[in-house]
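Structure, as structure tokens:
Atoms within a ligand are numbered from 1 in the order they appear, just like the ligands themselves. Residue numbers start at 1 and run along the sequence shown.
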Amino acid sequence: HAARENGTVLARFDASIAARYTERLQLAGRIHTAIDQGEFELHFQPIYHAADRSPAALEALLRWPQADGSFIAPGDFIRLCEDTGLIVALGRWVIHAAARAQRQLADQGWGGLPIAVNISAVQLFNSDLVAEFSRATEAWDLPPGALQLELTESAVMRNPAQALQTLQALKENGIGAALDDFGTGFSSMSYLQHLPLDSLKIDRDFVCDVERNPRNAAICRALLSLGHSMGLNVIAEGVESEGQLAWLAAHGCDQVQGYLLGRPMPLEAVRVALDQHRSV
Ligand code: C2E
Ligand code: MG
Ligand code: MG
Ligand code: MG
């Protein structure tokens, strides 16, 4: 009896794995088509100077619009793109779309703000990023510094030696880099010290409640001091309240990003937000 029940459980388990596998395969197919048909969009979230709230940069974030008007968030498809290698083609599209957006902003008088593009480990190790970025900026007649990239700690730590090489090549070509979600991975300080980075982005898990939560405050203080001692620009992500912003500014955080000051939005809305800022 027990054996039969076990068998049933196993069969159900197999069926659910098979179903999950089929679902992922179908989604990968839909993503492939969506890349070919140009269905993806970029939204942009402003990054501001903490001291005076003036705009410092923009982060490009992928959105996949659906027929019903909703968006599929990157959290629901980036991982699959990484696992299937689709991220290389999608990432190439993102780099070019960010450059095109930068061209439009520059034409409207907002050319000074670099656009930061998120890069996966797969792209870092399996594509010629210097060539990708250079092609995009040259195609849109932009200086190399018009685009930057954001890499996570865990991406870098998959192959620190190769990451170092790529980051050096990017730097030589004038392309800046930020370490994203800082504090959540396991980077070794001895590697970090050698990476040619421009910025550290403190993960929003630590920014959350920073003005009330002594543990998060201790972590943010440590990350700020670490970043500054390495000569880096420190950016806090996920800033949602005036209390958090006040704490961060008082503790010397250079730049902030979060729903308090601006959500990710289509390019046209960014331009309006920036114009409003200028007219204040
Ligand atoms: P990330 O690079 O750490 O981006 C920040 C995420 O936090 C974004 O989520 C943004 O919408 C969200 N966020 C910003 N401010 C706040 C806030 O105040 N509160 C809260 N709760 N959230 C905030 P999103 O757009 O869903 O992107 C999630 C992740 O997907 C990104 O994390 C990034 O790792 C990845 N991603 C997005 N676009 C791309 C892309 O073009 N390429 C690659 N490889 N990854 C991407
Ligand atoms: Mg990012
Ligand atoms: Mg981040
Ligand atoms: Mg994050």
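Heavy atoms of Q257 found under 4.0 angstrom from ligand 1: none, in either backbone or side chain. Of the heavy atoms in V117, none comes closer than 4.0 Å to ligand 1. Residue R263 does not touch ligand 1, judged by heavy-atom distances below 4.0 Å. Using a 4.0 Å cut-off between heavy atoms, I78 contacts ligand 1 through its side chain alone, with no backbone atom that close. Contacts between K201 and ligand 1, counted as non-hydrogen atom pairs separated by less than 4.0 Å, are absent for every part of the residue. At a heavy-atom distance under 4.0 Å, atoms from both the backbone and the side chain of L61 approach ligand 1. Residue P264 touches ligand 1 through its side chain alone, judged by heavy-atom distances below 4.0 Å.
Side-chain atoms of W140 and Q102 include no donor-acceptor pair closer than 3.5 Å.
When distances to the Mg ion (ligand 2) are checked against a cut-off of 2.8 Å, N118 contributes an N, O or S atom below that limit. At least one N, O or S atom of D180, from either the backbone or the side chain, sits less than 2.8 Å from the Mg ion (ligand 2). Here E237 fails the criterion, with no N, O or S atom under 2.8 Å of the Mg ion (ligand 2).
Counting the atoms of ligand 1 from 1 in the order shown, those under 4.0 Å from a heavy atom of V94 are 41 (O). Counting atoms of ligand 1 from 1 in the listed order, those under 4.0 Å from a heavy atom of E240 are 17 (C), 18 (O), 19 (N), 20 (C), 21 (N). Per-residue contacts place G238 under 4.0 angstrom from the following atoms of ligand 1 (heavy atoms of the residue considered): 16 (C), 17 (C), 18 (O). Under a 4.0 Å criterion applied to the non-hydrogen atoms of D181, ligand 1 contributes the atoms 3 (O). The atoms of ligand 1 that sit less than 4.0 Å from any heavy atom of G258 are 15 (N), 18 (O). Numbered from 1 in the order shown, with element, the atoms of ligand 1 that lie under 4.0 Å from a heavy atom of V239 read 18 (O). Residue Q45 has at least one heavy-atom neighbour below 4.0 Å for each of these atoms of ligand 1: 14 (C), 15 (N).
In this structure, R204 does not pair ionically with D181, as no charged nitrogen and carboxylate oxygen lie closer than 4.0 Å. Comment: E59 engages K201 in a salt bridge, judged by a side-chain N to carboxylate O separation of less than 4.0 angstrom. Using a 4.0 Å cut-off between charged nitrogen and carboxylate oxygen, R53 and E242 count as a salt-bridge pair. Here E41 does not pair with R63 in a salt bridge; the nearest charged N to carboxylate O distance is not below 4.0 Å.
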Derivation and outcome, side chain to side chain donor-acceptor pair (under 3.5 Å), residues W64 and D76: CA-CA 10 Å; W64 186 10; D76 295 327; over 6 Å; no

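Surrounding NE2 of H32 are at most 12 heavy atoms belonging to other residues, nucleotides or ligands under 6.0 Å away.
Between atom CG of residue N233 and atom CD1 of residue I47 there is a gap of 9.0 Å, rounded to the nearest 0.5 Å.
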